[in-house]
Every structure is written in structure tokens, then in C-alpha cells.
Amino acid sequence: MTVRVERTLTVPAPPERVWEFIADPDSRAAPLSVIEEWETHDDGSATWYLSLPIPLIDKRVAVETSDDERRPPEYVRFTGRSRVMSVRGEHELEAVDGGTRLTNRFVVDGRIPGVERFFKRNFDAELDRLEEALRADIDQRP
């Protein structure tokens with residue numbers, strides 16, 4: 001089973017300002033509750049260490065992530081791979097009256113039972129956290 005999630009929001013900042021946040025691997029990882037720790041590498045890739053409350057997973061999972069496509073300040077697509085799942089994410093930015101429309105798309109393919117169910121139940125809350133972090137970042141550094 002594959003989980004697909006899409007959410008669009010509008011924030012009161014220009015695309016270049018939203019891009020600063022969304023294209024940064026640290027900014028993308030920090031708000032997500034399942035990511036316990038992460039390392040950003042010199043080439044722009046990152047390793048996310050996830051803790052998933054799933055019975056068949058008894059330790060944290062390393063997910064190797066990298067950007068597949070970047071078109072500043074309008075689009076970034078990334079991929080993450082691990083032994084238990086793969087994730088693809090896209091962030092599309094569009095200038096609109098009063099700010100930026102940000103469309104987030106994610107696809108999770110689980111390789112063990114329970115991964116998709118976990119993300120299906122929790123993706124909305126994770127996207128809420130990402131949105132809150134983006135809005136806080138915009139408020140702190142206009």
C-alpha cells in the first residue's frame with residue numbers, strides 16, 4: 001500500500017523567503033516528530049533517523065535523503081530511502097497576491113507491515129508541524 005498526501009497553504013511572504021526555509025534539509029527535518037535526529041552532508045543530502053512506533057521495528061531507522069530536482073525559488077523534489085520505506089516529497093512554490101502558495105506532496109511506500117498505516121494516520125499532524133515551523137520562521141526573519 002502506498003500513502004499519498006497533498007496539502008496546499010498560502011503564507012504571507014515572497015517565494016524567495018519561503019524557499020529559504022523549504023529548500024533547507026535542516027528546516028524540513030526539524031519540525032517532524034518522527035525524526036529524532038538528522039545529519040546534513042556537504043553535498044546537500046541528509047540522513048534522517050526515524051523512530052516509528054511499529055511492532056516490527058525495534059530500533060531507529062536511517063533514511064538517506066537527497067534532492068532530485070531543484071529550481072529555486074519554485075520547486076524542490078527529494079527522495080528518501082531506507083530498509084523499511086521510501087519517501088518522495090515535492091514542494092512547489094507559486095507567487096500569489098499577498099504571498100506564496102506552497103503545495104506539499106508526499107508519497108510513502110512501506111517495505112514492512114504497518115509503515116503505511118502509521119503515516120496514513122499521522123501525516124496530517126506532521127504537515128501541521130511543518131506549516132507551523134514555516135510560519136514561525138517567517139515571523140522571526142521577515
Residues that [X] engages under salt bridge (charged side-chain N to carboxylate O under 4.0 Å, His left out), provided they are two or more places apart:
X      : value
Glu37  : Arg60
Arg105 : Glu6, Glu92
Glu20  : Arg17, Arg141
Glu36  : none

Not counting sequence neighbours, which residues clear side chain to side chain donor-acceptor pair (under 3.5 Å) with [X]? List them please.
X     : value
Arg70 : Asp67
Ser86 : none
Ser27 : Asp24
Arg77 : Glu69

Spell out, yes or no, whether [X] and [Y] are grouped together once hydrophobic residues are joined by side-chain heavy atoms under 4.5 Å, including indirect joins.
X     : Y      : value
Val87 : Val34  : yes
Val3  : Val107 : no
Val5  : Val63  : yes
Tyr75 : Phe21  : no

TODO: Quickly, which of Ile22, Val18, Ile138 forms a side chain to side chain contact (heavy atoms under 4.5 Å, CB included) with Thr100? Name it, please.
DONE: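 The residue from Ile22, Val18, Ile138 that satisfies side chain to side chain contact (heavy atoms under 4.5 Å, CB included) with Thr100 turns out to be Val18.
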TODO: Quickly, which of Thr65, Leu50, Asp26, Leu32 forms a side chain to side chain contact (heavy atoms under 4.5 Å, CB included) with Trp38? Name it, please.
DONE: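 Of Thr65, Leu50, Asp26, Leu32, side chain to side chain contact (heavy atoms under 4.5 Å, CB included) with Trp38 is met by Asp26 alone.
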Pairs in or reaching into [range]: which pass salt bridge (Lys or Arg N to Asp or Glu O under 4.0 Å), with residues at least two apart or in two chains?
range            : answer
residues 110-121 : none
residues 38-48   : none
residues 127-136 : Arg7-Asp128, Arg7-Glu131, Glu126-Arg129, Glu131-Arg135

Open item on the list: I'd like to check Val61 versus Met85 (side-chain heavy atoms, cut-off strictly below 4.5 Å). Are they in contact?
Closed with: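 SC-SC contact between Val61 and Met85 ruled out.
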State the [atom1]-[atom2] distance between [X] and [Y], to the nearest 0.5 angstrom.
X      : Y      : atom1 : atom2 : answer
His91  : Asn104 : NE2   : CG    : 5.5 Å
Phe78  : Asp68  : CZ    : CG    : 9.5 Å
Leu102 : Thr10  : CG    : OG1   : 9.0 Å
Leu127 : Thr8   : CG    : OG1   : 10.5 Å

Open item on the list: Glu90 vs Thr103, test: side chain to side chain contact (heavy atoms under 4.5 Å, CB included). Steps then yes/no.
Closed with: CA-CA 8 Å; Glu90 295 178 90; Thr103 302; over 6 Å; no
Task: Minimal non-hydrogen separation, Gly44 against Pro25, with atom names - done: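 So the minimum-distance heavy-atom pair works out to O-CG, 3.5 Å.
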Open item on the list: Listing request: all ring pair (Phe, Tyr, Trp, His ring centres under 6.0 Å) pairs with a residue in residues 111-138, at least two apart in sequence or in separate chains.
Closed with: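 Residue pairs passing ring pair (Phe, Tyr, Trp, His ring centres under 6.0 Å), neighbours aside: Phe106-Phe123, Phe119-Phe123.
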